[in-house]
Structures are given as C-alpha cells and as structure tokens.
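Written out below as structure tokens is the structure these notes cover.
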4 protein chains.
Amino acid sequence: MIWTPAPYRWPDPFRAAACFTVDVDATAPYLWQHRGAMPPTIAALEHRRYGMRRGLARLVDMLVRRGIRGTFFVPAIVAEEHPDLLPGLLERGQDIALHGYMHELVAEISDAAFTEALERATEIFVAQTGQRPRGFRSPAWEMTPHMLAELARMDLWDSSLMGDDVPYTIAGVPELPVRWDNDDAIFFKFLGAGDKSPRPDHEVVRQWQDDAQAQIDSGGLFMLTVHDWISGRANRVARIDDLLRGLAEHRDVWLTSCDALADHHRAMGGGLQVAPDQLAPPHSKEFT
Amino acid sequence: MIWTPAPYRWPDPFRAAACFTVDVDATAPYLWQHRGAMPPTIAALEHRRYGMRRGLARLVDMLVRRGIRGTFFVPAIVAEEHPDLLPGLLERGQDIALHGYMHELVAEISDAAFTEALERATEIFVAQTGQRPRGFRSPAWEMTPHMLAELARMDLWDSSLMGDDVPYTIAGVPELPVRWDNDDAIFFKFLGAGDKSPRPDHEVVRQWQDDAQAQIDSGGLFMLTVHDWISGRANRVARIDDLLRGLAEHRDVWLTSCDALADHHRAMGGGLQVAPDQLAPPHSKEFT
Amino acid sequence: MIWTPAPYRWPDPFRAAACFTVDVDATAPYLWQHRGAMPPTIAALEHRRYGMRRGLARLVDMLVRRGIRGTFFVPAIVAEEHPDLLPGLLERGQDIALHGYMHELVAEISDAAFTEALERATEIFVAQTGQRPRGFRSPAWEMTPHMLAELARMDLWDSSLMGDDVPYTIAGVPELPVRWDNDDAIFFKFLGAGDKSPRPDHEVVRQWQDDAQAQIDSGGLFMLTVHDWISGRANRVARIDDLLRGLAEHRDVWLTSCDALADHHRAMGGGLQVAPDQLAPPHSKEFT
Amino acid sequence: MIWTPAPYRWPDPFRAAACFTVDVDATAPYLWQHRGAMPPTIAALEHRRYGMRRGLARLVDMLVRRGIRGTFFVPAIVAEEHPDLLPGLLERGQDIALHGYMHELVAEISDAAFTEALERATEIFVAQTGQRPRGFRSPAWEMTPHMLAELARMDLWDSSLMGDDVPYTIAGVPELPVRWDNDDAIFFKFLGAGDKSPRPDHEVVRQWQDDAQAQIDSGGLFMLTVHDWISGRANRVARIDDLLRGLAEHRDVWLTSCDALADHHRAMGGGLQVAPDQLAPPHSKEFT
C-alpha cells in the first residue's frame with residue numbers, strides 16, 4: 001500500500017478541490033469547560049461573543065459576495081441561543097452540519113453521552129430547519145470507533161480526521177479530512193497570558209495559500225477551517241477573501257461544500273478504505 | 001442580531017477611529033505578584049524600571065511631537081511612587097485613567113477589595129491632579145458584573161473587553177473595546193527563561209498596521225495598547241511612530257483619546273447594547 | 001583543542017557534504033507512549049498514518065526523480081506492520097538504517113532493554129531484506145555510553161549527536177551529526193492544543209537553505225532530518241525539493257547517504273576523536 | 001525623573017556605542033543543573049561541547065578578522081576544563097570577565113555560596129592569566145543587593161541588568177546593561193522536545209540590526225550577547241558578521257569592550273545613579 005497511494009478522481013473538469021468551513025463555536029467550548037461551575041468573570045465570554053455579534057456575518061457576507069457555498073459546523077447549544085443562526089445560514093446558501101451539543105470533548109464523555117448529544121443536536125437541527133443534518137465534525141477533532149459506528153448508523157459523513165489529503169472511507173463513513181495546519185485557532189486563538197502569541201495574519205494566510213497551491217498541483221483537497229470569533233475580525237476576513245478569490249480563479253479547482261464532497265465520494269467511490277478492524281493499532285493487543 | 005450587526009457612526013467627517021493607549025504598569029504587577037513575600041532578587045524590578053527611567057518619556061515625546069492625545073492607564077501605586085507622573089501627563093496634553101491600585105488581578109480579589117482599590121485609586125488621582133478620573137481599564141483585561149456595576153455607579157467608562165470592533169454599552173457602561181492582538185505585551189514581554197520569546201518589532205507592527213487598515217476600511221476602531229517598560233525601547237517607539245504617522249495621514253480617521261471616544265459614545269448612542277442580564281451565559285443556570 | 005578545530009577532508013572533488021534523511025516514525029512513538037494502555041481515540045493514529053498512506057511515497061518519488069540516495073531510519077515495528085517498506089526502499093535506491101524497535105525512549109528503558117530492542121530490530125531487518133543494517137539513529141536523539149558500546153560491538157555507525165558539523169568518532173563509533181535546527185518535527189509537529197503552532201513551510205525551508213549554504217561555505221556537513229507523516233505533505237515536499245535541487249546544482253557538494261559518509265569516514269579518518277572516558281562530564285565525580 | 005531621563009555622553013567623536021559579548025557557558029549550566037545526580041545520557045553534553053570544539057574559535061576568528069575587541073564571560077569551571085581558553089582569548093585581543101564558578105543560579109544559592117564562587121573563580125582567573133578579572137555577568141542575569149555589594153567590594157563592574165539603554169551606576173557598581181531581546185539563547189536554544197522551536201537566523205539578526213540602528217539613532221548602547229555552543233554555528237556567525245560589519249562602518253559608533261565601557265563610565269560619570277536603598281521596591285515593607 002505504501003508504494004501505491006490510493007488514487008482519487010474529481011468530477012470533470014476539476015483536478016483538485018477546496019472547501020471552506022467554519023466551526024461556529026461561539027461560547028460553547030467555554031460553557032463545556034466550566035459546566036461544573038461557571039466563574040463570575042466575563043472577559044472570555046465577551047471575546048467569544050464577537051463572533052455572533054459581528055464576525056460570522058462578515059464571513060458569510062464574503063462567501064455570498066463570492067458565490068461560495070461554505071459549510072458551517074454548529075454546536076446545537078449555539079443554535080438554541082441564536083434561533084436565527086441555522087435558518088439564516090441556509091437562506092444565504094450555506095451548508096450546515098453537526099458539531100456536538102455543547103462542544104463536548106470526546107476524552108471527557110462516555111460513549112452513551114456522545115450518542116445522546118448527537119441525537120439531541122440532530123433534533124434541534126430538525127426542529128429549527130425542517131431537515132436532518134448530513135454531516136458531523138468532532139469538537140477538537142478527536143474520534144473513537146464508537147463515534148464512527150454512530151455516524152454510520154445515522155448515515156452522516158465526517159470531517160475530523162487527518163489520514164489523507166483527499167476524501168476516504170473509514171469504518172464505512174465518508175471522511176473529508178481536516179488538517180491542524182489549515183485551522184485558524186492554533187495560530188490565532190489567544191484568551192490569556194499563558195496562550196501562544198498570535199501569528200501575523202498575512203504569514204498564516206500566505207502559508208494556507210502555499211498549501212492550497214500544492215494541493216492543486218497534486219490533485220488533492222484543500223480544506224480550511226476557521227472560527228466565528230477568531231477569523232471574523234476585519235483583517236483576517238480580508239486576507240481569507242484574497243485566498244478564496246485566488247481559489248475561485250482556478251477553473252480546474254472544485255470549490256465546494258462538504259455535503260457536495262460527500263455526495264461525490266459516495267457516488268464515485270475511490271480513495272482509501274479503512275476497515276473497522278484497522279482503526280486500533282496493530283500491536284495494541286500486546287499492551288492492553 | 002447575527003445578521004444585522006449593530007451599526008456605528010463616527011463624528012463627521014470621520015469614517016473610522018484609532019486610539020493609542022499606554023498601560024503604565026511599571027513595577028505594579030510585580031508588587032502584586034509578590035505582595036505576600038518580596039524576593040531578594042532585583043532583575044525583574046530593574047527591567048520594569050526602564051519605563052519610568054526612559055521608556056515613558058520617549059513614548060510621550062513621540063505623541064507630543066505628532067500632536068496626538070493618547071490615554072495613559074496608571075495603577076495608583078505607580079502614581080504614588082512617581083508624583084510627577086499624572087501631572088506631567090496632563091501638562092503634555094495626554095489623558096489619564098484608572099488601572100487599579102496595585103494592578104490587582106480580578107481573579108484573586110473579592111468584590112469588596114475591588115471597590116476599595118477603585119476608590120483608593122480615585123482619591124489618589126484627585127489628590128494629585130485636582131480632577132476625577134473618567135475611565136477605567138482592568139488589569140489583565142478581566143471583568144465581572146460587580147465591577148461593571150461599580151463603574152456605572154462611579155460614572156466611569158471602561159476599556160477592557162473584546163466584544164466588538166466599535167464602542168458599545170455593557171450594563172450601562174460605555175465600553176471602548178481592546179484586543180489581545182493589538183497589545184504589545186503578548187508579543188514582546190520577556191522576563192525569564194520560561195516566557196515566550198519576543199517577536200520581531202517590525203513583524204508585530206506590520207500586523208498592527210494591517211489591522212489598522214482593515215479597521216479603517218470597515219469603519220471600526222483601531223485600539224492599540226502598549227506598556228511603558230516594554231514598548232518604550234528605542235526601536236519599538238520608532239516603529240510605532242511609523243504606525244501613528246500613517247494613521248495621522250488618513251483624513252477620515254479620528255485619531256483620538258478614550259475620553260473623547262466615550263464622550264462621543266454617550267452623546268451619539270449607537271452600537272451594541274448588552275443588558276445586565278445578558279452578561280452571564282444563557283445556560284449557566286444548568287451548571288451552577 | 002579550542003583554537004585548532006579538527007579539520008575534515010571530503011573526497012575529491014567535494015569541499016562540503018549534504019545528507020537527506022527520513023525518520024520513518026509512523027505510529028511507533030504513539031505505540032511506545034501508550035504501551036501501558038491504549039486509549040480508544042484514533043485521531044493521532046490517523047494523523048500519523050498519513051505517512052505510510054501518502055507522505056512517504058511522495059518523499060521517495062522526489063528522491064528517485066532527482067537521483068538522490070537518502071537514508072531512512074525505520075523502527076522495526078513499522079517494518080513489521082508494513083513488510084513492503086524496507087524492500088521497497090532498497091528497490092528504489094535508498095539506504096535503510098535502525099531506529100529502535102518501537103521508538104523506545106532511552107530515558108525510559110534499561111541498558112538490557114536497549115540491547116534487546118537493537119538485536120530484535122536487526123533480526124527483522126535481516127529477515128526482510130537479507131542484509132544487516134549498518135547504521136543507527138536513536139529515537140529522540142538521546143545516547144548513553146552503553147548504547148555507544150553496543151553500536152561499536154555490532155559495528156554500526158551512529159547519527160544521533162550534535163557535537164560537530166562534520167563526522168567524528170565517539171567511543172569508537174562513527175558519528176554523523178544531526179542538529180535540532182535541521183529537523184522538521186520541532187517546527188511542524190502538531191498533535192493537539194498544547195503543542196507549539198507550526199511554522200510556515202517557506203520560513204523553515206529558507207532557514208535550512210541558509211544553513212546549507214553556510215555549511216557549504218565552511219566545508220561542513222548539512223544533515224537534514226524529516227518524518228514521513230510530517231514532511232510528506234504536498235507543499236513541504238515541494239519546498240524540500242527546491243532545497244535539494246539547489247544542493248544538487250553545487251558541483252562541489254557531496255550529496256550522499258549516511259552509509260557512504262560512514263564508509264568515507266572509516267576509510268579516511270580525520271575529524272574529532274572522543275575517547276570513551278571523555279563521555280561523562282569531567283566534574284561528575286564530585287556530584288555522584 | 002520621568003520627564004528628564006539621565007543624559008549620557010560618549011567619548012568624542014562617538015554618539016553611540018556597541019558591545020559584542022559571549023557567555024561561554026559550554027557545559028557549565030548542565031553541570032549545575034545535574035550537580036546532585038548526573039544522568040547517564042550524553043546528548044545535551046555533546047550538543048554543548050560543540051562550542052569548545054568549533055563554535056568559539058569561529059566566533060573569535062570573526063572578531064580578530066574585523067579587529068573587534070569582544071568580551072567573553074567564562075564560568076571558572078569551563079576555564080579549568082580548558083586551560084588554554086582564557087590565555088587564548090587574551091592572546092587574540094579579547095577581554096575576559098567572570099560568569100560564576102559553575103554557572104550557579106542566584107535563586108538556588110545562599111549569599112555565602114555566591115561570595116565563595118566569586119572568589120574561587122577570581123583565583124582561577126588569576127592563576128591562569130596572571131591578572132584579576134575586572135567585570136562580572138550573572139548567570140541567567142539575576143542579581144541581589146548582596147551580589148552588588150560584593151561586586152563593589154571587589155571593584156568589579158557588572159553587566160546583568162536591564163534598567164537603562166546606557167551604562168548606569170547601581171549601588172556603586174558600574175552597570176553595562178543587557179537586554180533579553182539581544183540575547184541569542186532565548187531565540188535559538190533548543191535542547192529537547194519541550195523547548196521553544198528556534199527562530200530563523202535571518203529574522204533574529206534582522207531584529208538585532210533594527211535595534212542597533214535605533215540605539216545609534218538615539219545615542220544608546222547596543223549590547224549583544226551570544227553563546228559559544230548556540231551562535232558558533234556557521235550560518236549564525238555569518239549573519240552576526242554582517243551585523244558587526246554594519247556597526248563597524250558607522251564612524252560615530254564606539255564598537256568596544258565592556259572593560260573600555262566601564263573605564264569610560266568611571267572616568268566620565270553621567271547616567272543614572274541608583275542608590276542602595278532604591279534597590280528594593282518602595283512598598284515592600286507593607287508585604288514582608
């Protein structure tokens with residue numbers, strides 16, 4: 001397998017693909033982190049509220065102006081707090097997908113709690129939009145075999161893993177791979193003195209542009225992930241707009257949403273197949 | 001609210017605003033940190049004393065030369081140690097505002113202690129300058145509902161939160177928003193081996209310039225915060241001088257002080273209104 | 001010795017050398033880290049599996065296309081899981097060398113366990129390729145006197161230490177020195193929120209190019225180390241390809257493998273000689 | 001004092017000064033760190049030994065070639081291990097000064113232990129060179145009132161504090177100020193996975209060049225500090241050589257050693273005077 005990497009074929013006339021996604025976390029990770037006891041301080045909350053007040057609209061306006069269909073992953077608690085969020089995204093031609101109920105971290109919840117949050121979130125999506133969500137992204141991009149089995153059961157695609165540059169199938173679930181390097185939070189997120197200092201906007205976007213070009217050159221998928229309260233700032237939207245303009249000018253790049261990628265993947269097949277018994281490490285039996 | 005961000009209107013003929021502020025911390029955070037037991041070592045103290053010895057004068061000279069009114073947030077203990085500081089700033093056409101008594105960290109003090117520090121600091125300002133301070137910035141930019149209530153009671157504006165790009169009103173208090181990305185300390189502060197290594201001056205100021213331009217383009221407020229002992233160094237002042245010269249050349253940018261911004265905000269209204277019962281997270285009842 | 005650094009002579013007509021190496025870690029460090037109890041999560045595993053699925057082939061293709069013989073350090077557990085790895089590397093004109101059995105960290109194993117892992121790995125290499133490996137690189141680049149003695153006993157060269165810019169001899173073992181600054185992992189590796197954020201590809205490769213030029217100018221050895229799952233990404237391979245193209249254009253730079261460097265070093269001698277009794281610090285007796 | 005920073009006058013015809021210094025730490029900090037129990041591993045030792053094997057000679061050759069007198073701060077244990085170090089530096093026209101016995105960290109030793117180390121180091125310097133050292137730099141740049149009193153008693157200048165841009169006098173001791181930003185270790189030092197990743201050589205030296213120019217423009221002192229095993233690498237020496245060439249071309253910059261700076265300071269006076277009772281924070285009585 002090493003010497004014959006799985007080929008992938010994009011729909012004609014495209015030779016590569018790109019996908020712009022937003023993890024609409026808002027205050028959800030903060031609510032999760034402090035679910036046991038909410039502190040009296042409000043600075044981090046106000047910082048995160050910037051997304052719903054200004055950042056998200058700026059990002060969506062950019063997409064609408066460019067005629068791009070992005071994919072928005074929304075924790076259901078955020079949709080509950082902002083009932084005009086999911087309908088408004090759909091009205092503006094955007095795709096929506098699941099992102100947990102309260103941005104639950106996999107490592108901190110049981111299998112049953114995951115399933116409950118997934119079903120509860122699905123119900124909220126259905127109630128607010130009249131349609132079932134078709135895809136899922138894990139908060140913090142962690143995954144377990146149980147989660148994959150649940151996604152398969154509910155016929156959801158996933159976008160949380162990093163095992164390839166192009167869509168693949170893992171335990172029966174279509175995987176639209178992400179990459180830490182193409183996530184805004186690890187470069188920009190700053191909530192207090194112990195955090196890494198933010199990198200310059202132009203430096204980070206230059207790297208994303210380089211990576212997008214390399215994916216185009218090699219027939220891959222460039223998947224970008226940003227957050228409402230982090231990249232909704234004016235200069236970041238301006239730089240990301242440059243990046244998307246460049247991608248849109250490539251006639252042979254399929255700039256599309258996750259739903260469309262998953263539809264293509266299901267219809268055309270191709271790519272890597274990871275069987276359920278290949279999820280665990282091959283030698284784990286020795287250690288457990 | 002997501003889809004209709006609160007508009008903001010600047011005084012004619014301006015279409016955006018910029019504000020240069022200095023948190024004159026000097027040794028105050030060190031005194032607070034070691035208030036229980038002062039160590040015998042003096043390296044960090046000498047490092048911080050650079051501000052009062054050289055850095056602050058260099059920053060103020062720059063502002064005076066350019067005819068810019070900045071805003072200086074001064075912990076009262078620093079004013080006590082340097083009785084010519086507050087009067088000297090006023091003589092040089094600068095605004096002054098509160099920054100705690102000993103740079104108390106919110107998370108480490110009671111509500112009563114905050115109120116006591118605020119009142120004690122106000123008395124020192126009045127005694128040294130004959131006038132009441134009109135604004136406040138929280139050390140480390142943290143905030144609580146109690147603090148906002150006290151600011152409202154004392155008719156003070158605030159400049160500590162990050163919930164928008166333009167002034168807004170929170171629990172009745174005019175908020176002139178800050179942003180970590182536009183603070184010098186998170187890029188330059190280095191006091192010992194465990195700290196993040198400083199970023200190049202030109203890289204950081206280039207990012208501030210990019211962000212200022214994006215705020216101008218989108219009608220926002222560019223609020224910059226520096227510290228006496230950090231950015232008073234010769235090359236940083238030279239680079240910041242470049243930035244301010246660029247801002248001053250924009251005829252449609254209102255380059256002004258926090259007091260003037262707050263006056264405008266109170267007179268014109270506009271912007272976001274955050275009610276007192278919107279401070280806490282909407283779901284916190286579930287967890288407390 | 002300070003004032004007369006050990007001279008080194010490269011084979012005619014070369015005046016400097018360069019060596020491209022890959023530490024084919026794949027999932028081995030993860031297996032080692034979690035050998036006591038394997039967690040149910042799979043994100044880090046999938047991330048690391050990128051190397052065997054796509055990254056390694058891309059790196060090897062680049063070398064083959066340029067006619068460069070690289071050196072691949074392979075933990076034996078990775079060779080066991082991928083039986084076509086070692087034979088495939090040899091077929092493609094690449095050198096292979098030892099890198100532990102399960103990427104054991106020196107600080108966590110006994111001398112006996114090191115020897116056992118070294119011998120077990122050697123047997124696997126022999127079984128899969130019919131030939132004994134000739135060199136070794138320590139996982140995480142740590143070393144002890146016992147390890148050096150074992151390498152000498154098995155007639156293996158080493159490439160794990162940083163005591164010079166050119167090959168030297170330490171406790172009888174030919175040392176082909178590495179350098180953290182010329183390792184991809186410390187700039188790019190990101191597996192979760194606490195890690196350092198990745199640096200831009202072009203920035204890191206620019207620094208490697210600068211360092212390579214300085215080694216050429218001073219007659220040294222430029223040794224580069226990358227990892228299958230980290231630098232096998234499309235843009236990194238493109239940038240590294242630029243670097244190797246530049247090196248290959250230098251007629252007086254010997255761009256070669258570790259085996260060839262070690263052969264030269266053994267045949268020509270030269271360089272620094274570190275005696276076994278010089279390994280421990282001179283004053284350690286006082287403290288033990 | 002805030003509004004009238006202490007003026008400083010350089011010898012005619014100079015309007016600014018620059019000083020190149022090397023902290024010749026070699027293995028001393030490692031010996032200090034592990035003085036209780038030396039581990040069996042040798043990677044960090046070999047890494048640090050690069051300085052005495054190659055790096056220091058490269059740095060000194062550069063200075064000799066340019067006719068620059070640098071200042072070398074040498075822990076006495078390093079001089080003991082390398083008896084040709086101090087005499088060799090003097091023969092090559094360089095200045096030498098004290099840097100502790102075993103790079104003792106101030107926070108970990110008693111006042112008496114500091115004095116003993118200082119006197120023991122002085123004796124070793126006298127025995128090896130026939131002359132008393134005239135200056136001192138504290139390991140890790142920490143300082144106490146006791147240390148300053150001892151330096152005054154032994155008539156030593158100091159170069160460890162950051163309270164100004166130009167020489168000043170603190171508790172009777174001439175202080176030649178350093179600055180973290182102009183130290184190579186905080187940008188380049190990397191000894192293992194938990195450390196900060198090194199910054200590009202050209203980026204760091206560009207910042208030093210910017211700062212040097214700003215000091216020239218403002219009549220200050222540009223003091224640079226590098227380490228034998230960190231900046232003795234080929235590309236770093238090449239970049240630092242560029243920096244020093246630029247400084248040497250300025251006819252009005254006094255590029256000189258610490259001894260010469262201290263002589264000038266003692267003869268001319270000027271600059272800031274910090275009295276012994278100004279060392280401790282003014283409010284420390286409240287807290288002790």
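Chain identifiers are assigned alphabetically (A, B, ...) following the order of the sequence lines, protein sequences preceding nucleic acid strands; residue numbering begins at 1 within each chain.
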Item to check | Residues, nucleotides or ligands: over 12 heavy atoms within 6.0 Å of B/Gln131 CD | outcome: yes
Next on the checklist: Below 4.5 Å, heavy-atom pairs only: which of D/Thr144, D/Val106, D/Ile186, D/Thr4 has the largest tally toward chain B?
Outcome noted: D/Ile186
Next on the checklist: Against D/Asp164, only a single residue in B/Arg49, B/Arg54, B/Arg53 fulfils side chain to side chain donor-acceptor pair (under 3.5 Å); can you say which?
Outcome noted: B/Arg54
Item to check | Distance, nearest 0.5 Å, that separates CG of D/Asp165 from CZ of B/Arg58 | outcome: 5.0 Å
Next on the checklist: Heavy-atom cut-off 4.5 Å, strictly under: side chain, backbone, both or neither for D/Ile2 against chain B?
Outcome noted: both
Next on the checklist: More than 12 heavy atoms of other residues, nucleotides or ligands under 6.0 Å from CZ of D/Arg153: yes or no?
Outcome noted: yes
Next on the checklist: Is it true that, when you exclude B/Arg245 itself, more than 12 heavy atoms of the residues, nucleotides or ligands shown sit nearer than 6.0 Å to its CZ?
Outcome noted: yes
Checklist entry - Is it the side chain or the backbone of D/Val166 that comes within 4.5 Å of chain B heavy atoms, both, or neither? => result side chain
Item to check | Heavy-atom pairs under 4.5 Å with chain D, option from B/Met52, B/Arg92, B/His82 with the top count | outcome: B/Arg92
Next on the checklist: Counting only heavy atoms from other residues, nucleotides and ligands, does the tally under 6.0 Å from CD of D/Gln278 exceed 12?
Outcome noted: yes
Checklist entry - Can you tell which of B/Pro39, B/Ala238, B/Pro198 has the highest number of heavy-atom pairs within less than 4.5 Å of chain D? => result B/Pro198
Checklist entry - Between D/Gln213, D/Gln215, D/Lys189, D/Gln207, which residue shows the highest count of heavy-atom pairs closer than 4.5 Å to chain B? => result D/Gln207
Item to check | Smallest separation among heavy atoms of B/Asn235 and D/Asp210, with atom names | outcome: OD1-O, 3.4 Å
Item to check | Most contacts with chain D, counted as non-hydrogen pairs under 4.5 angstrom, among B/Ala57, B/Gly88, B/Ala193 | outcome: B/Gly88
Item to check | N/O donor-acceptor pair under 3.5 Å between D/Lys196 side chain and B/Asp195 backbone | outcome: yes
Checklist outcome for this item: If you tally heavy-atom pairs under 4.5 Å between each of D/Pro5, D/Ala214, D/Ala140, D/Gly163 and chain B, the highest tally belongs to D/Gly163
Item to check | Step-by-step side-chain contact (heavy atoms from CB on, under 4.5 Å) determination, D/Tyr168 to B/Glu46 | outcome: CA-CA 12 Å; D/Tyr168 61 108; B/Glu46 279 292 299; 2.6 Å; yes
Item to check | Criterion side-chain contact (heavy atoms from CB on, under 4.5 Å) on D/Trp3 and B/Leu89, from CA distance to verdict | outcome: CA-CA 10 Å; D/Trp3 306 115; B/Leu89 285 167; 3.8 Å; yes
Checklist outcome for this item: Heaviest contributor of heavy-atom pairs below 4.5 Å to chain D, chosen from B/Asp61, B/Leu191, B/Val60, B/Asp84, is B/Asp84
Item to check | Contact class of D/Val204 relative to chain B, heavy atoms under 4.5 angstrom | outcome: neither
Item to check | Verdict with supporting geometry, D/Leu148 and B/Ile42, side-chain contact (heavy atoms from CB on, under 4.5 Å) | outcome: CA-CA 10 Å; D/Leu148 285 170; B/Ile42 63 168; 3.8 Å; yes
Item to check | Side chain, backbone, both or neither of D/Ala6 within contact of chain B (heavy atoms, under 4.5 Å) | outcome: both
Next on the checklist: Once rounded to the nearest 0.5 Å, what's the spacing between atom CE of D/Met162 and atom CZ of B/Phe190?
Outcome noted: 8.5 Å
